[in-house]
Structures are given as C-alpha cells and as structure tokens.
Amino acid sequence: MPRTVVFETTGGPEVLSVRECPLPEPGPGELRLRVAAIGLNRAEALFRAGTYLEHPALPATLGYEASGTVEALGDGVTGFAVGDQVDTVPAFDLNDYGVHGTHVLVPARAAVHRPRGLTPLQGAAVWMSYLTAYGALAEDGHLRPGDHVLLTAAASGVGLAAIRTARRLGAIPIATTRTRAKVPRLLQAGAADVVVTGEQDLLARVGAATGGHGVRTVFDPVAGPGVLTLARTLAPGGRLIVYGRLDPRDTPLPGQDTFAPVTSRFYSMHEVTRDDERLRRARAFVTAGLADGTFTPAVDRVFEGLDTIAEAHRYLEAGTQTGKIVITVDDTAHGTRADDTAHGTPAGGGAAG
C-alpha cells in the first residue's frame, strides 16, 4: 500500500506522520515515481513549521527532492519511459506536490534522468543544493575567475555545493562555520580558507585572505543584523546575496553605515527552477560538473525507512550535519559505491545519536 508523509497542523517534527494513501494516477504532464530515497532541506522544515515563503494548506505533505523509478506517465509526457531512473528538482510549489512518500506524482519538467554513476542516495542529495548555488553564483556571470567569494554557514548541503561551484568558476571560496570540528570537511571540499565565527575576527581574516581587497560576492543564508558586518568584507562593486533567514530578526540595508558602493539582494533557487531556459542551463552545468568529478553529492547521514521522518527532521534542526540528510524509502536506494556517505555514519533505524 502506498504511504505518504502528512501533517495536519504546523509545528515541530512531532507533527509529521506516515499514512497509507491510494495509488496516485498521473494527470497530463505528470509522472508517477516509485521513490527509493528522499533528501531533506531546511525549506521543508520551515514549511512544516508554517514559517516558509508559502504557507501549507492543511492537511499537507512536503518534500522537494527524491530519487526513484518512473512507474506511469500522464498524457503529453515525452522524454521519459516506464522504468527510467530519475531524480526530482525543486520546480514546483509544496502545496501542489510533495515527494516524501513511497509513490508520488511530480511534473515531468521537475524530473531529470539520474546522472550516470550516481546511486539513488546520491541522486537525492544533488539538485536542491547545486541548483541553488548555480543560480546565485554562476547564472549571471557576476562572479569571475580569480574573484574571492565569502560563503557563510558553509557546512550545509548548499554551502558545500557553493564551494565546489565557486571552484568550477575559477573563483576562490572563503567559508565560515560556527564549529571548529567542521573546518577539515570544508577544506576538503575546496575552501581556500575557513573562518570559525565567534573565535576569529571575520573582517581581519577576510582582509588577510584577499590581500585587503575584499570579496566580490557574499553568499549568506543567515540574514539579520549580521549582514552589516558581511557588507564590510565586500570589495567596491561587490554583491551580497541572501538566500535564507536563519536569523529571524529584521535585515538592515547593507552598506548603510558606510555608504559603500555595494549591492544586495534576496535570492531563491525558484528563480532558476521556474524558468525553463534557466533550468535547462542549470541542469547542463550541474550534470557537467558531476560527469567530470568537480561536483560530488555530500551525504552527511542516512536514515532508513519513511517512518524515521520525524527523527530525521530533529537531526536537521540540530544543525550539526555537514552535507545532506537522506532517508531511504525502499531497498533499491542503497547502491554499490562506497562514497554514498561522504561524511558521518549511516543511521540504523534513524537514531539521532
């Protein structure tokens, strides 16, 4: 019997439950997938809590990222066949679709054939992170070879993808983290330097790393009053890109204290995924990086079975991971490659440990 994740009220991970549901039938332009693995994102935790950009229409399901097998095609779908191995990309609203289930519907434009050599575990850990990094750092050409880029809270899945994206563009990534234990992982991912915030002077470290010139771009998921300090790391003509709101306090206008010649903007990866041409370019960029080894999925921890969804959300909200949290949904999720979990230990039965 198909099963899906549901919540009837907003709140913490405890509001999530797994329920049986009818087998969904694809409509025009849709695919039905048998899901092997799902990847978790902070956006889904915010959606569950009622604090995301879109408010859930209750009862609701959730989930942007899954890997699985095409089981059925709706009218008008081309480019896919029953049995194809695919991943989903976040090219839909969570009130319209959600992939945290055993059998799910997705728009065909939100599916991509899984790149060669990736297991379902890895496929569920690629697209949200790399599409987010691509749209902010690569799409408009602002970040150039030789430029420095400051990546805050860089141990997340998006942060690690941004390090590798910057390297692929020829830029020089400087990462920040609150936890000294994460420094080796960030250096391994390609960071040229890592600043442990709270222990080290951010402005002094960035100044030293850039020869006093500052960075071309800051890519920040935190927001809040701290953007005023981040703006002071920017070179003239630099850009601050805010893609999250981990700090719920108001975000002031960067540069207001110095009238520095810098720009700032809020950014969502939906700018890429809801535009067909941008999404085509992004898929090509990410697929090429996976093919030549520049990009690798970073899986922090694997929880086994859909019933571990609440436990996995608790682990996500603890903020201790480096990379992606993945949940297996059926036995086909486990591949033969040894690097499925690039960091950490796969979870048995979803223990939070």
(message) Any non-hydrogen side-chain atom of Pro297 less than 4.5 Å from a side-chain atom of Lys324?
(response) no
(request) Give a yes or no on whether a salt bridge exists between Asp93 and Arg274, defined as a side-chain N under 4.0 angstrom from a carboxylate O. (result) yes
(message) With a sphere of 6.0 Å drawn around CG of Asp250, does it hold more than 12 non-hydrogen atoms of other residues, nucleotides or ligands?
(response) no
(request) Show the numbers, then the answer: is there a side-chain contact (heavy atoms from CB on, under 4.5 Å) between Val15 and Thr10? (result) CA-CA 7 Å; Val15 304; Thr10 57; over 6 Å; no
(message) Would His148 and Thr210 count as a side-chain contact (heavy atoms from CB on, under 4.5 Å) here? Give the steps.
(response) CA-CA 7 Å; His148 288 85; Thr210 63; 3.5 Å; yes
(message) Side chains of Leu16 and Leu62, heavy atoms from C-beta outward: is any pair under 4.5 Å?
(response) yes
(message) Phe80 vs His113, test: ring pair (Phe, Tyr, Trp, His ring centres under 6.0 Å). Steps then yes/no.
(response) CA-CA 8 Å; Phe80 295 96; His113 290 94; 4.6 Å; yes
(message) With a 6.0 Å cut-off on the ring centroids, do Tyr130 and Phe285 count as close?
(response) no
(request) Look up atom CG in Leu253 and atom CG in Leu228, then write down how far apart they are to the nearest 0.5 Å. (result) 8.5 Å
(request) Considering only NZ, NE, NH1 and NH2 on the basic side and carboxylate oxygens on the acidic side, decide whether Asp307 and Arg3 come within less than 4.0 Å. (result) yes
(message) Within the 3.5 Å criterion, strictly below it, is a donor on His313 or Arg48 matched to an acceptor on the partner's side chain?
(response) yes
(request) Looking only at non-hydrogen atoms, find the nearest pair between Thr132 and Met128 and report the distance. (result) OG1-O, 2.7 Å
(request) Can you label the angle between the Tyr243 ring and the Phe219 ring as parallel, tilted or perpendicular, going by 30° and 60°? (result) parallel
(message) Strictly distance-based, threshold 3.5 Å: is any side-chain N or O of Glu317 a donor or acceptor partner for the main-chain N or O of Arg314?
(response) no
(message) Is there a side-chain contact (heavy atoms from CB on, under 4.5 Å) between Leu169 and Leu137? Walk through the geometry before answering.
(response) CA-CA 9 Å; Leu169 296 173; Leu137 302 181; 4.3 Å; yes
(message) Distance check, rounded to the nearest 0.5 Å: Glu199 atom CD versus Arg178 atom CZ?
(response) 12.5 Å
(request) Mark yes when over 12 heavy atoms from residues, nucleotides or ligands other than Arg109 sit less than 6.0 Å from its CZ; otherwise mark no. (result) yes
(message) Are Leu160 and Val222 connected into the same hydrophobic cluster when the rule is that any two of I, L, V, M, F, W, Y join if their side-chain heavy atoms are below 4.5 Å apart?
(response) no
(request) Using atom types as modelled and distance alone, determine if a side-chain donor or acceptor of Lys182 lies under 3.5 Å from a backbone N or O of Ala154. (result) no
(request) Tell me who clusters with Val218, hydrophobic residues only, linked when side chains sit under 4.5 Å apart either directly or through other members. (result) Leu150, Ile174, Val195, Leu202, Val206, Val215, Val227, Leu230, Leu234, Leu240, Val242, Val262, Phe266
(request) Taking Arg205 for its side chain and Val194 for its backbone only, find out whether a donor-acceptor pair lies under 3.5 Å. (result) yes
(request) Kindly say whether Val149 contributes a backbone atom to a donor-acceptor pair with the side chain of Thr217 at under 3.5 angstrom? (result) no
(request) Verify the cluster assignment for Phe47 and Leu58: are they in a single hydrophobic cluster under the rule of side-chain heavy atoms below 4.5 Å apart? (result) yes
(message) If you compare all heavy atoms of Leu40 against all heavy atoms of His100, which two are closest, and at what distance to 0.1 Å?
(response) CD2-CE1, 3.6 Å
(request) Mind listing the closest non-hydrogen atom pair of Gly101 and Val329 along with its distance? (result) O-CG1, 3.9 Å
(message) Quick check on side-chain hydrogen bond (donor to acceptor under 3.5 Å, both in side chains): which of Thr176, Thr251, Thr152 does Asp220 satisfy it with?
(response) Thr152
(message) A side-chain contact here means heavy atoms from C-beta on lying under 4.5 Å apart; do Leu186 and Thr177 qualify?
(response) yes
(message) With a 4.5 Å cut-off on side-chain heavy atoms, are Arg114 and Pro120 touching?
(response) yes
(message) Less than 4.0 angstrom from a charged side-chain N to a carboxylate O is my criterion; do Glu277 and Arg280 meet it?
(response) yes
(request) Could you tell me whether the side chain of Glu30 and the main chain of Gly27 form a donor-acceptor pair under 3.5 Å? (result) yes
(request) Report yes if the side chains of Pro221 and Val158 come closer than 4.5 Å at any heavy-atom pair, otherwise no. (result) no
(request) To the nearest 0.5 Å, tell me how far Leu53 CG sits from Arg245 CZ. (result) 10.0 Å
(request) Would you please say whether a donor-acceptor pair under 3.5 Å links the side chains of Ser67 and Asp87? (result) yes
(request) Examine distances only and state if a side-chain atom of Ser156 and a backbone atom of Gly159 form a donor-acceptor pair shorter than 3.5 Å. (result) yes
(request) Please assess Phe92 against Tyr64 for the test ring pair (Phe, Tyr, Trp, His ring centres under 6.0 Å), listing each intermediate value before the final yes or no. (result) CA-CA 8 Å; Phe92 48 81; Tyr64 278 125; 5.7 Å; yes
(message) Let me confirm one number: the CZ-CZ distance from Arg167 to Arg164, rounded to the nearest 0.5 Å.
(response) 11.5 Å
(request) Drop me the distance from His270's NE2 to Leu279's CG, to the nearest 0.5 angstrom. (result) 12.0 Å
(request) Indicate the atoms forming the closest heavy-atom contact of Gly117 with Gln122, along with that distance. (result) O-OE1, 3.9 Å
(message) If we ignore hydrogens and angles and just use 3.5 Å, is the side chain of Gln85 paired with the main-chain N or O of Gly83 as donor and acceptor?
(response) yes
(request) Taking Asp275 for its side chain and Arg278 for its backbone only, find out whether a donor-acceptor pair lies under 3.5 Å. (result) yes
(message) Distance alone, cut at 3.5 Å: any donor-acceptor contact between the side chains of Tyr134 and Glu139?
(response) yes
(message) Check whether Asn95 reaches the backbone of Ala57 with its side chain - one donor and one acceptor, N or O, closer than 3.5 Å.
(response) yes
(request) Indicate the atoms forming the closest heavy-atom contact of His142 with Gly237, along with that distance. (result) CE1-O, 3.6 Å
(message) Please say yes or no: joined through hydrophobic side-chain contacts below 4.5 Å, possibly via intermediate residues, are Leu73 and Leu23 part of one cluster?
(response) no
(message) Using side-chain heavy atoms (C-beta onward) and a distance below 4.5 Å, is Pro26 in contact with Leu31?
(response) no
(request) Flag the pair Thr308 / Ile327 as yes when at least one side-chain heavy-atom distance between them is below 4.5 Å, and no otherwise. (result) yes
(request) Evaluate side-chain contact (heavy atoms from CB on, under 4.5 Å) for Leu131 paired with Thr273, printing each intermediate quantity in order. (result) CA-CA 8 Å; Leu131 293 180; Thr273 62; 3.9 Å; yes
(message) Centroid separation under 6.0 Å, is that true for the rings of Tyr315 and Phe303?
(response) yes
(request) State yes or no: do Val35 and Val82 share one hydrophobic cluster built from I, L, V, M, F, W and Y residues joined by side-chain heavy-atom distances below 4.5 Å, directly or via other members? (result) yes
(request) Kindly say whether Glu25 contributes a backbone atom to a donor-acceptor pair with the side chain of Arg32 at under 3.5 angstrom? (result) no
(request) Examine Tyr267 and Leu46 and state if one hydrophobic cluster contains both, with Ile, Leu, Val, Met, Phe, Trp and Tyr joined whenever side-chain heavy atoms are less than 4.5 Å apart. (result) yes
(request) Measure the shortest side-chain to side-chain distance between Val126 and Leu118 over non-hydrogen atoms and say whether it is less than 4.5 angstrom. (result) yes
(message) For a quick test of reading the model, state the closest non-hydrogen atom pair linking Asp193 to Ala209 and the distance between them.
(response) OD2-CB, 3.9 Å
(request) Would you give the length of the straight line joining atom CZ of Arg19 to atom OG1 of Thr4, rounded to the nearest 0.5 angstrom? (result) 10.0 Å
(message) When you compare the side chains of Thr294 and Arg168, does any donor N or O come within less than 3.5 Å of an acceptor on the partner?
(response) yes
